[in-house]
Amino acid sequence: RANNEQRERALSSLNAALLTRAPFLRKYVSDERKQRVSQRSKLQRKHHEQARLKSRPNPAAFAVPDAVLFSHKRFRELPPLHRSLSLAKPGSLYTLSSSQRRDLLTQVPQSSSVWRAARRHAVYTASNAAAALGFYERATVAKLRAHLSRDDIAVIVSAARVGHREALLAWQHARQPARGSGAIRANENVAFAMEWGSRHENQALWCVLEQIPSIRLGQVGIVSLLEARSALGTASMHDGDEEKEELKMPDVAASPDALWVSKTGEYPVGVVEIKSRCPWIRVGSGAEARWVQRNGVQPHRNLQADHYVQLQIQMACCEVTHALLASHAVDPNDGSERMRVFHVQRCNSWLSLAGQTLRYAYNDFVCNGVPPPADFYHNSDDALSSARERTYNALLEQTSANLARVEIAHEHNTPHATWPDEPNDDPSLRAHSK
């Protein structure tokens, strides 16, 4: 034992002497230690990820496959994608004229490679328009809550998205649309809720078809905003009596979950958007994180402001005047479902204000390469920003007023008297859609 201790002391002294006299040995030992630490950290992250995935709920529980939805007699499926289009490079689509590209992409099934490429090239979409307009900023949520006299944030916007992250994601996507917004990671609860909603769209659409015998739905691809100036206001605005500011209009596109088509199937009546309530939430952090089931998940009680923005942009892109939002909830234990359908009409004055604000955000932040600050277009201190704040406040006031007038058209097994059987749209829109 004494010899072993003496040997260890000698080896320690020798190592210290070698490291002192040979810098390259010191660097070698340091690099080797860093490598071991890095490998250990990777193994720990791998174990944590495996544990997280092991306990992760199945987002496709009780989901309905495409073939089942397409077999419904009142659902119109898109024709098969032409081989030349399925093999086309994304850049080649943008050599066509805007009207040709628009007509072509409306026939591309969603989630296909061509659809994903076209969606990435749009500066703003109906899905991220609310974020680009700052509807998740805390000051905006506070103003909307005051206008609507609602205490619960969840009935104004999606509570998990409140904060500045969503505006930064929309800004990053607008800066480089083809690359997406992957540099800023989305909240994990938001990501899982989006995956759950995507997997259960077919089930919700099937429920709409079964619960509302008079409705007919059709599949649709991505629809770009062709007449941007007429749908979202004029191309230039005045910031004062003497100074005129020309502002660029960004590309806007939408992909509704379905089209509400006429009984003959000749023209679209409106758009249909599905919101599936996720029954799972992740709580805790690190090794203690776990997924728990929410008790009694129900459809939305009210139409949220961010959903209203999405529906209005979709109606502007698809050139229709009606929209349905079906809020759908599934019990993950037995598959029982509840549904509530909201009916929204197109508001051109709201679209004009939203178009001005989108131009402001695009030119102030995206074109200048400056990320939007938190609570932008609130508490302005100069004349130019004050003009933007006035427009933004008018947008929020009209949003609140329109939300208060939204009607519930149908509840699960309980149709309401205000159900719009088949609204009479402008004949010019019907002719154009043909």
Side-chain angles (χ1 to χ4, degrees), residues 93-106 118-135 167 169-181 222-240 243-256 271 306 308-321 346-372 376-377 384-385 387-396 398-399 429 432:
L93 297 174
Y94 290 85
T95 60
L96 304 174
S97 66
S98 59
S99 58
Q100 289 177 328
R101 185 171 65 249
R102 182 180 189 271
D103 294 339
L104 193 64
L105 291 177
T106 55
R119 195 173 188 271
R120 284 197 301 268
H121 276 79
V123 176
Y124 294 124
T125 65
S127 300
N128 70 0
L133 290 170
F135 269 56
L169 283 169
W171 171 80
Q172 188 181 46
H173 176 83
R175 284 282 294 168
Q176 295 178 319
R179 294 183 59 184
S181 53
I222 184 168
V223 188
S224 59
L225 188 60
L226 187 60
E227 299 294 338
R229 297 189 177 187
S230 61
L232 292 178
T234 57
S236 62
M237 277 78 65
H238 293 268
D239 289 324
E243 185 179 356
K244 184 177 180 180
E245 184 184 11
E246 294 289 339
L247 300 176
K248 300 177 183 177
M249 179 63 197
D251 294 330
V252 182
S255 293
V271 296
D306 48 349
Y308 181 83
V309 174
Q310 185 177 7
L311 293 177
Q312 288 293 339
I313 299 297
Q314 287 179 353
M315 286 187 281
C317 290
C318 296
E319 297 182 336
V320 295
T321 55
R346 174 169 163 169
C347 180
N348 290 326
S349 58
W350 185 94
L351 285 170
S352 179
L353 292 170
Q356 292 181 24
T357 307
L358 272 181
R359 285 187 181 88
Y360 288 149
Y362 181 68
N363 288 267
D364 291 347
F365 307 126
V366 178
C367 294
N368 292 332
V370 179
F376 57 96
Y377 298 148
L384 188 64
S385 299
R388 283 150 165 68
E389 185 175 355
R390 286 193 298 272
T391 302
Y392 193 64
N393 287 333
L395 175 66
L396 298 183
Q398 186 153 9
T399 302
L429 295 180
H432 180 79

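Just the heavy atoms: all of them, side chains too, but no hydrogens, waters or symmetry mates, feed the values below. Everything numeric in this text was worked out from a predicted model, so none of it was measured.
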Trainee: Identify the heavy atoms of A132 and A170 that sit nearest to each other, and give their distance.
Mentor: N-CB, 3.8 Å
Trainee: Going by heavy atoms in the side chains, are V320 and R346 under 4.5 Å from each other?
Mentor: no
Trainee: Once you round to the nearest 0.5 Å, how far does CD of E389 lie from OG1 of T357?
Mentor: 11.5 Å
Trainee: Indicate yes or no: at least one non-hydrogen side-chain atom of V309 is less than 4.5 angstrom from one of W350.
Mentor: yes
Trainee: Between the side chains of Y362 and D251, does any donor sit under 3.5 Å from an acceptor?
Mentor: no
Trainee: Donor-acceptor pair, distance only, cut-off 3.5 Å: does the side chain of Y377 make one with the backbone of Y360?
Mentor: yes
Trainee: When you measure from the side chain of S352 to the backbone N and O of N348, does any donor-acceptor pair fall under 3.5 Å?
Mentor: no
Trainee: Taking the side chain as every heavy atom from C-beta outward, state whether P250 and V366 have any atom pair closer than 4.5 Å.
Mentor: no
Trainee: Might you point out which heavy atoms bring P372 and W171 nearest each other, and give the distance in Å?
Mentor: CD-CG, 3.5 Å
Trainee: Starting at OG1 of T391, measure out to CZ of R359 and round the result to the nearest 0.5 Å.
Mentor: 11.5 Å
Trainee: Calculate, to the nearest 0.5 Å, the distance between atoms CG and CG belonging to N128 and D306 respectively.
Mentor: 12.0 Å
Trainee: Atom CE of M315 and atom CD of Q310: how far apart are they, to the nearest 0.5 Å?
Mentor: 11.0 Å
Trainee: Identify the heavy atoms of D364 and N368 that sit nearest to each other, and give their distance.
Mentor: O-ND2, 3.0 Å
Trainee: Of the non-hydrogen atoms in V123 and A174, which two are nearest, and what is the gap between them?
Mentor: CG1-CB, 3.6 Å
Trainee: Would you say that I313 contacts Y124 through its side chain, given a criterion of any heavy-atom pair below 4.5 Å between the two side chains?
Mentor: no
Trainee: Carefully, step by step, assess V252 and C317 under the rule side-chain contact (heavy atoms from CB on, under 4.5 Å).
Mentor: CA-CA 8 Å; V252 182; C317 290; 4.3 Å; yes
Trainee: What distance do L358 atom CG and M249 atom CE have between them, rounded to the nearest 0.5 Å?
Mentor: 5.5 Å
Trainee: Between F376 and F365, which heavy-atom pair has the shortest distance, and what is it?
Mentor: CD1-CE1, 3.9 Å
Trainee: Report the distance from atom SG of C367 to atom CZ of R175, rounding to the nearest 0.5 Å.
Mentor: 8.5 Å
Trainee: Would you say that L353 contacts Y392 through its side chain, given a criterion of any heavy-atom pair below 4.5 Å between the two side chains?
Mentor: no
Trainee: At their closest point, which heavy atom of Q398 faces which heavy atom of C347, and how far apart are they?
Mentor: NE2-SG, 3.3 Å
